[in-house]
Amino acid sequence: HMAAADAVIPPDFELPVDAFDIPHCYEGDLGAVIVPEGMIKDRVRRLAKDIHAKIGDNELSLLCVLKGSYKFFTALVDELAYARSSCTQPMTVDFIRCQSYEDTQSTGMIQIIGLSNLQELKGKNVLIVEDIVDSGQTLARLLHTLEELGVSTKTWTTTLLSKNVPRKVDVKEDFVAFRIPDKFIVGYGLDYNQKFRDLNHICITSEGPSFKQTE
Ligand SMILES: Oc1ncnc2c1N=NC2
Ligand SMILES: [Mg+2]
Ligand SMILES: [Mg+2]
């Protein structure tokens, strides 16, 4: 098993939108494609092997952090199933949403919506599947909350995208699919005001008047 390498998308790597199949409703909103769907699939296949090599055959519970990571999550579970095909322990999936409390800023605790009870995670290895690490706050708060709630099992994190920006809080990103520049991206699950999640390629938005950058 060769040593795993990072996939870093350089700041000047921008492919023309019109070189790909883009939903007509998004014409004009997108400035360039920076990670085409095929490249995502290829990278996720290797990432699954790296994850299995590290976590091994223990019973594994995967947490999909909705909504943004749904596409990455599905692709990763498909590839992990193959990587673990000789495995005797099952892999389970859960879908959660993270909602802030009004005092989240001070406590660092978030509401985890969707886990019927945390007992289901006890004693298992947990892999948190995120769409993007930007400030690091969401993931750090989720890890902190799980810890506070006594999910003391071995927990790993994987993210489709890790943005090259200073973190507000340091957080462990065990498995990163792509390291991207500090640009606002949409697609492959990631949204701008709930739009573009269905876009199959990761794109940067156009500078056009219809956009004010939210991040
Ligand atoms: O670039 C981004 N695009 C969509 N959503 C988010 C981003 N960064 N943090 C959240
Ligand atoms: Mg997220
Ligand atoms: Mg969003």
Side-chain angles (χ1 to χ4, degrees), residues 7-11 13-15 17 22-23 26 29-37 39-40 44 47 62-77 93-101 104 108-115 126-146 155-208 210-215:
V8 181
I9 304 291
F13 185 79
E14 295 187 357
L15 298 168
V17 169
I22 301 285
Y26 296 144
D29 290 339
L30 305 173
V33 174
I34 66 164
V35 193
E37 184 186 20
M39 194 191 284
I40 299 171
V44 168
L47 199 72
L62 292 109
L63 285 190
C64 175
V65 184
L66 295 171
K67 296 184 189 177
S69 79
Y70 85 96
K71 278 180 176 282
F72 175 46
F73 185 84
T74 306
L76 182 62
V77 168
V93 296
D94 282 287
F95 300 87
I96 62 169
R97 298 204 62 180
C98 298
Q99 201 105 40
S100 297
Y101 292 108
T104 287
M109 297 285 281
I110 48 148
Q111 276 185 77
I112 298 175
I113 299 161
L115 273 183
V126 174
L127 176 63
I128 295 168
V129 183
E130 263 288 17
D131 50 353
I132 189 165
V133 177
D134 189 335
S135 72
Q137 273 190 334
T138 310
L139 190 50
R141 287 170 174 167
L142 176 54
L143 285 165
H144 174 63
T145 305
L146 286 174
T155 302
W156 286 270
T157 65
T158 182
T159 183
L160 174 66
L161 304 172
S162 179
K163 211 180 251 191
N164 181 18
V165 294
R167 298 286 181 255
K168 278 207 188 96
V169 51
D170 272 334
V171 66
K172 69 180 180 120
E173 305 168 52
D174 296 307
F175 306 98
V176 173
F178 295 99
R179 297 189 188 286
I180 60 167
D182 181 11
K183 295 174 187 171
F184 191 81
I185 53 93
V186 289
Y188 207 75
L190 285 106
D191 76 311
Y192 173 79
N193 289 352
Q194 301 307 327
K195 275 177 65 177
F196 306 109
R197 293 193 194 279
D198 57 322
L199 171 61
N200 284 320
H201 312 295
I202 293 172
C203 300
I204 54 175
T205 54
S206 61
E207 311 303 327
S210 62
F211 274 96
K212 54 188 182 332
Q213 304 295 330
T214 56
E215 287 284 341

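Counting starts at 1 for both ligands and their atoms, in listed order. These figures come from a predicted structure and were not determined experimentally.
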> Between Tyr101 and Met109, which heavy-atom pair has the shortest distance, and what is it?
Replying inline: CD1-O, 3.4 Å
> From Leu66 CG over to Ile113 CD1, what is the distance, rounded to the nearest 0.5 angstrom?
Replying inline: 10.5 Å
> Where on Asp131 is there a heavy atom closer than 4.0 Å to ligand 1, on the side chain, on the backbone, on both, or on neither?
Replying inline: neither
>> Looking at ligand 1, would Asp191 count as a contact under a 4.0 Å heavy-atom criterion?
In response: yes
> With a 4.0 Å heavy-atom cut-off (strictly under), which part of Lys183 contacts ligand 1: side chain, backbone, both or neither?
Replying inline: backbone
> Does Tyr188 have any ring-ring contact (aromatic ring centres under 6.0 Å, His included) partners at least two apart in sequence or in another chain, and if so, which?
Replying inline: none
>> Under 4.0 Å, heavy-atom basis, I'd like to know which part of Ile185 is in contact with ligand 1: side chain, backbone, both or neither.
In response: both
> Closer than 4.0 angstrom: is that true for some heavy atom of Val186 and an atom of ligand 1?
Replying inline: no
>> Suppose we only allow N, O or S atoms; which atom of Glu130 ends up nearest to the Mg ion (ligand 2)?
In response: OE1
> Minimum heavy-atom separation for Ser162 to Arg167, with atom names?
Replying inline: OG-NH2, 2.8 Å
>> Check for me: within less than 2.8 Å of the Mg ion (ligand 3), which protein N/O/S atoms show up?
In response: Asp191 OD1
> Which N, O or S atom name in Asp131 marks its closest approach to the Mg ion (ligand 2)?
Replying inline: OD1
> Got a second to check how far Arg197's CZ is from Leu199's CG, nearest 0.5 Å?
Replying inline: 12.5 Å
>> List the residues meeting side chain to side chain donor-acceptor pair (under 3.5 Å) with Lys67, not counting sequence neighbours, and say none if there are none.
In response: Gln194
> What distance separates Ile128 CD1 from Thr159 OG1, expressed to the nearest 0.5 Å?
Replying inline: 11.0 Å
> For Tyr26, what residues pass the ring-ring contact (aromatic ring centres under 6.0 Å, His included) criterion, not counting sequence neighbours?
Replying inline: Phe196
> Atom OG1 in Thr158, atom CG in Leu47: separation rounded to 0.5 Å?
Replying inline: 4.5 Å
>> Taking 4.0 angstrom as the limit and counting only heavy atoms of Asp134, give me the atoms of ligand 1 inside it, by number and element.
In response: 8 (N), 9 (N)
> Only one of Ile34, Asp131, Leu190 forms a side chain to side chain contact (heavy atoms under 4.5 Å, CB included) with Leu161, so which one is it?
Replying inline: Leu190
